[in-house]
Enquirer: 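Could you have a look at this structure, given as structure tokens, before my questions?
On a predicted model such as this, the values are computed, not experimentally measured, just so you know.
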Amino acid sequence: QVHLVESGGGLVQAGGSLRLSCEASGRTLSSYDMAWFRQAPGKEREFVAVISQSGRSRAYTDSVKGRFTISRDNAKNAVFLQMSSLKPEDTAVYYCAADSTITQVARTPKYWGQGTPVTVSS
């Protein structure tokens, strides 16, 4: 029903920035709340950020507050994660996700992308 594809990951030095993108197909993203998750090597997948369907509400996990910004462009059917002041502990595969409510997308999203890897060197 919804196909999500992330891009923009890569290798960056500590203190640098990356902008991740999530493009949707199958259904317009405006119908969904969106979230970003990440999974570091040897760690469980964790919530990173969430944004409401309208873009008016946003929330972040404590470890990325002030450094990451989630945004969306419904006209382009896309969601973004601007990551700044990156730290080695941010190294992970980053996934975008979609669901019909903020609560659900931040906890157990219905739709997932394939992930894009981010590696932050010391």
Side-chain angles (χ1 to χ4, degrees):
Q1 186 175 349
V2 177
H3 182 61
L4 305 172
V5 179
E6 303 94 334
S7 62
L11 176 64
V12 64
Q13 63 182 348
S17 300
L18 283 174
R19 184 173 184 260
L20 306 183
S21 299
C22 177
E23 305 283 343
S25 63
R27 189 170 179 176
T28 57
L29 271 190
S30 61
S31 299
Y32 296 93
D33 298 317
M34 299 293 300
W36 286 95
F37 290 77
R38 66 186 181 186
Q39 187 168 21
K43 302 291 180 61
E44 296 182 347
R45 185 175 296 182
E46 65 173 339
F47 166 80
V48 175
V50 64
I51 187 168
S52 63
Q53 177 265 322
S54 67
R56 292 177 294 180
S57 298
R58 304 176 187 182
Y60 304 87
T61 192
D62 287 344
S63 63
V64 308
K65 287 181 180 177
R67 300 188 298 118
F68 291 12
T69 301
I70 187 171
S71 62
R72 67 191 301 159
D73 187 338
N74 289 338
K76 296 181 179 179
N77 219 25
V79 174
F80 309 96
L81 186 68
Q82 178 66 49
M83 307 186 296
S84 300
S85 301
L86 283 162
K87 304 174 181 180
E89 51 263 45
D90 294 319
T91 295
V93 176
Y94 284 72
Y95 301 86
C96 66
D99 213 328
S100 57
T101 70
I102 287 180
T103 297
Q104 290 300 315
V105 77
R107 294 178 179 177
T108 54
K110 185 175 182 179
Y111 303 103
W112 293 91
Q114 87 291 343
T116 186
V118 172
T119 301
V120 184
S121 62
S122 300

Enquirer: If you look at every heavy atom in Gln39 and Glu44, which pair is closest and at what distance?
Expert: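 Between these two residues, the closest heavy atoms are CG-C, 4.1 Å.
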
Enquirer: Out of the candidates Thr91, Leu18, Leu11, only one should pair with Val120 under the side-chain contact (heavy atoms from CB on, under 4.5 Å) rule; please name it.
Expert: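 Between Val120 and the candidates, side-chain contact (heavy atoms from CB on, under 4.5 Å) is satisfied uniquely by Thr91.
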
Enquirer: Take Met34 and Cys22 through the side chain to side chain contact (heavy atoms under 4.5 Å, CB included) test and state the conclusion after the steps.
Expert: CA-CA 10 Å; Met34 299 293 300; Cys22 177; 4.2 Å; yes

Enquirer: OG1 of Thr108 to CG of Asp99: how many Å apart, nearest 0.5 Å?
Expert: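 One finds 6.5 Å between OG1 of Thr108 and CG of Asp99.
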
Enquirer: Kindly say whether Ala78 contributes a backbone atom to a donor-acceptor pair with the side chain of Asp73 at under 3.5 angstrom?
Expert: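 Checked: no pair found.
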
Enquirer: Identify the two heavy atoms, one from Trp112 and one from Ala97, that lie closest to each other, and give their separation to 0.1 Å.
Expert: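 Heavy-atom minimum between the residues: CE3-CB, 4.0 Å.
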
Enquirer: Once side-chain contact (heavy atoms from CB on, under 4.5 Å) is applied, do any residues pair with Ala40, and if so which ones, sequence neighbours excluded?
Expert: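 Counting only residues at least two positions away or on another chain, Ala40 forms a side-chain contact (heavy atoms from CB on, under 4.5 Å) with Lys43, Ala92.
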
Enquirer: Gln1 versus Lys110: any side-chain heavy-atom pair under 4.5 Å?
Expert: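 The answer is yes; the side chains approach within 4.5 Å.
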
Enquirer: Once you round to the nearest 0.5 Å, how far does OG of Ser57 lie from CD1 of Ile51?
Expert: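 With rounding to 0.5 Å, OG (Ser57) is 9.0 Å from CD1 (Ile51).
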
Enquirer: With distance as the sole test, does Asp33 use its side chain to make a donor-acceptor pair with the main-chain N or O of Gln53 at under 3.5 Å?
Expert: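 Looks like yes, one N/O pair under 3.5 Å.
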
Enquirer: Are Val2 and Leu81 grouped together when hydrophobic residues (ILVMFWY) are joined by side-chain heavy atoms under 4.5 angstrom apart?
Expert: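 Val2 clusters together with Leu81.
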
Enquirer: For Arg58 and Ile70, indicate whether the former's side chain and the latter's backbone hold a donor-acceptor pair under 3.5 Å.
Expert: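 Yes: the side chain of Arg58 pairs with the backbone of Ile70.
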
Enquirer: Can you give me the closest heavy-atom contact between Tyr60 and Lys65, atom names plus distance?
Expert: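 Heavy atoms of Tyr60 and Lys65 come nearest at O-CE, 3.2 Å.
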
Enquirer: Would you say Val64 ends up clustered with Val12 if hydrophobic residues are merged whenever their side chains have heavy atoms under 4.5 Å apart, either directly or through other cluster members?
Expert: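 Val12 and Val64: one cluster.
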
Enquirer: When rounded to the nearest 0.5 angstrom, what is the spacing between CE in Met83 and OH in Tyr94?
Expert: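 Separation between the atoms: 5.0 Å.
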
Enquirer: A quick test of your reading: do over 12 heavy atoms of other residues, nucleotides or ligands sit less than 6.0 Å from CD of Glu89?
Expert: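 More than 12 within 6.0 Å, yes.
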
Enquirer: What distance do Phe80 atom CZ and Ser7 atom OG have between them, rounded to the nearest 0.5 Å?
Expert: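 The CZ atom of Phe80 sits 9.0 Å away from the OG atom of Ser7.
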
Enquirer: Do Val93 and Phe47 share a hydrophobic cluster, counting only Ile, Leu, Val, Met, Phe, Trp and Tyr and linking them when any side-chain heavy atoms are less than 4.5 Å apart?
Expert: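 In one cluster: yes.
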
Enquirer: Nearest heavy-atom pair of Gly9 and Val118: which atoms, and what distance?
Expert: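 Heavy atoms only, the tightest pair is CA-CG2, 4.0 Å.
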
Enquirer: Please report the closest heavy-atom contact between Gly113 and Tyr95, naming both atoms and the distance.
Expert: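 Shortest heavy-atom contact: O-CD2, 3.6 Å.
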
Enquirer: For a side-chain contact (heavy atoms from CB on, under 4.5 Å) with Leu4, tell me which candidate from Pro109, Ser25, Cys96 qualifies.
Expert: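 It is Cys96, the one option of Pro109, Ser25, Cys96 that forms the side-chain contact (heavy atoms from CB on, under 4.5 Å) with Leu4.
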
Enquirer: Going from OG1 on Thr61 to CZ on Phe37, what distance comes out if it is rounded to the nearest 0.5 angstrom?
Expert: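 One gets 10.0 Å once the value is rounded to the nearest 0.5 Å.
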
Enquirer: Let me confirm one number: the OH-OG distance from Tyr32 to Ser100, rounded to the nearest 0.5 Å.
Expert: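 Here the interatomic distance stands at 8.0 Å.
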
Enquirer: Is there a side chain to side chain contact (heavy atoms under 4.5 Å, CB included) between Val50 and Trp36 once you walk through the steps?
Expert: CA-CA 6 Å; Val50 64; Trp36 286 95; over 6 Å; no

Enquirer: Does Arg72 reach the main-chain N or O of Ser52 with its side chain, forming a donor-acceptor pair under 3.5 Å?
Expert: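 Looks like yes, one N/O pair under 3.5 Å.
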
Enquirer: So, using salt bridge (Lys or Arg N to Asp or Glu O under 4.0 Å) as the criterion, who are the partners of Asp90 when residues are at least two apart?
Expert: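 Scan of Asp90 (salt bridge (Lys or Arg N to Asp or Glu O under 4.0 Å), adjacent residues dropped) gives Arg38, Arg67.
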
Enquirer: Going through the checks in order, is the side chain to side chain contact (heavy atoms under 4.5 Å, CB included) test met by Ser17 and Gln82?
Expert: CA-CA 7 Å; Ser17 300; Gln82 178 66 49; 4.0 Å; yes

Enquirer: Pairs in or reaching into residues 113-122: which pass side-chain hydrogen bond (donor to acceptor under 3.5 Å, both in side chains), with residues at least two apart or in two chains?
Expert: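 Every side-chain hydrogen bond (donor to acceptor under 3.5 Å, both in side chains) pair that includes a residue of residues 113-122, provided the two are not neighbours, is Glu6-Gln114.
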
